[in-house]
Amino acid sequence: MAGNRTFTMIKPDAVKNGHIGAILNQINAAGFKILALKYTHLSAEKAGAFYEVHKERPFYGELVEFMSSGPIVAAILEKENAIEDFRKLIGATNPAEAAEGTIRANYATSIGENAVHGADSDENAIIEGSFHFAGTEIFG
Ligand code: CMP
């Protein structure tokens, strides 16, 4: 069911700093079920395509370089009201503005290196999930 799914990535900063386990644990503890999970390294081309929507933004080059700088963890998650609840769980894009206890407040270092990505709509969750996973890799 589209409304019950979201898509996330644990970004290269959080992977490099050893936070994969803690972040997945916090996601599970908040009631999200993992339907698909992949540890991978995006090429600059793939990172650029994923963030195509931000192509005209001044930070696009930096974003693509960062997202292809090391491995990431991609996942499709399921929970009622997934999009909104997950965005609450991760906190504001800028960790300086993220509420206490949120994943970004706990693990992010800057607006660019902000530990996790969360889809912003049901439609984008489907597009982003399909970008990373084949149907046979999604369990649920
Ligand atoms: P994310 O939720 O993955 O979606 C787009 C990303 O662009 C965002 O997280 C940030 O990591 C990044 N981003 C947004 N604004 C800026 C900015 N001003 N400078 C650098 N990166 C940014």
Side-chain angles (χ1 to χ4, degrees):
M1 234 187 301
N4 290 347
R5 288 186 184 188
T6 189
F7 171 79
T8 187
M9 290 184 288
I10 300 176
K11 298 188 179 186
D13 58 325
V15 171
K16 194 172 67 192
N17 293 328
H19 299 313
I20 295 175
I23 290 173
L24 289 178
N25 201 35
Q26 193 169 345
I27 289 170
N28 276 150
F32 290 87
K33 184 177 166 193
I34 296 171
L35 301 186
L37 190 68
K38 188 175 284 183
Y39 192 22
T40 187
H41 190 154
L42 297 175
S43 64
E45 288 70 24
K46 277 207 109 176
F50 183 89
Y51 281 112
E52 180 89 32
V53 64
H54 295 303
K55 204 172 176 131
E56 302 308 322
R57 304 282 196 98
F59 57 82
Y60 179 71
E62 191 185 315
L63 176 61
V64 170
E65 190 182 332
F66 167 61
M67 288 303 295
S68 57
S69 68
I72 58 127
V73 174
I76 296 174
L77 308 172
E78 183 178 71
K79 183 185 184 293
E80 244 176 65
N81 202 30
I83 296 289
E84 200 183 323
D85 285 2
F86 192 71
R87 288 176 74 81
K88 266 190 209 144
L89 178 68
I90 65 178
T93 304
N94 184 349
E97 292 162 12
E100 201 183 326
T102 58
I103 292 175
R104 283 172 171 155
N106 289 346
Y107 304 111
T109 49
S110 68
I111 192 167
E113 305 202 357
N114 63 354
V116 284
H117 166 79
D120 63 4
S121 65
D122 291 337
E123 189 191 2
N124 283 337
I126 292 167
I127 294 169
E128 294 172 3
S130 307
F131 184 94
H132 285 273
F133 296 99
T136 52
E137 296 174 309
I138 302 168
F139 305 99

Would a 4.5 Å heavy-atom cut-off, applied to side chains only, mark [X] and [Y] as touching?
X      : Y      : answer
Leu37  : Leu24  : yes
Lys11  : Ile23  : no
Thr6   : Asp85  : no
Asn94  : Asn114 : no
Val116 : Gln26  : no

Applying salt bridge (charged side-chain N to carboxylate O under 4.0 Å, His left out), which residue pairs with at least one partner in residues 130-140 are found, sequence neighbours left out?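 Applying salt bridge (charged side-chain N to carboxylate O under 4.0 Å, His left out) to every pair that reaches into residues 130-140, excluding sequence neighbours, yields Lys38-Glu137.
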
In terms of ring plane angle, is the pair Tyr107 and His19 parallel, tilted or perpendicular, where the classes change at 30° and 60°?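 Taking His19 first and then Tyr107, their aromatic rings sit tilted (interplane angle of 30° to 60°).
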
Give the ring-plane orientation class for Phe7 versus Phe50, where under 30° counts as parallel, over 60° as perpendicular and anything between as tilted.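 Ring orientation, 0 to 90° scale: tilted.
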
Nearest 0.5 angstrom please: [X] [atom1] to [Y] [atom2], how far?
X      : Y     : atom1 : atom2 : answer
Leu89  : Ile27 : CG    : CD1   : 6.5 Å
Met67  : His41 : CE    : NE2   : 10.0 Å
Thr93  : Arg87 : OG1   : CZ    : 6.0 Å
Glu123 : Ile83 : CD    : CD1   : 10.5 Å

Minimum heavy-atom separation for [X] to [Y], with atom names?
X      : Y      : value
His54  : Tyr60  : O-CB, 3.4 Å
Phe131 : Ala49  : CE1-CB, 4.0 Å
Gly101 : Asn106 : O-ND2, 3.4 Å
Pro12  : Ile72  : CD-CG2, 3.5 Å

Checking the side chain of [X] only, and the main-chain atoms of [Y] only, is there a donor and an acceptor separated by less than 3.5 Å?
X      : Y      : answer
Asn25  : Gly21  : no
His117 : Ile10  : no
Arg5   : Ala125 : no

Would Asn81 and Lys88 satisfy side-chain contact (heavy atoms from CB on, under 4.5 Å), going step by step from the backbone distance to the final call? CA-CA 11 Å; Asn81 202 30; Lys88 266 190 209 144; 5.6 Å; no

Does Lys33 qualify as a cation-pi partner of Phe139, given the criterion of NZ or CZ under 6.0 Å from the six-membered ring centre and within 45 degrees of its axis? no

Begin from the C-alpha positions of Ile20 and Tyr39 and carry the test side-chain contact (heavy atoms from CB on, under 4.5 Å) through to its verdict. CA-CA 10 Å; Ile20 295 175; Tyr39 192 22; 3.9 Å; yes

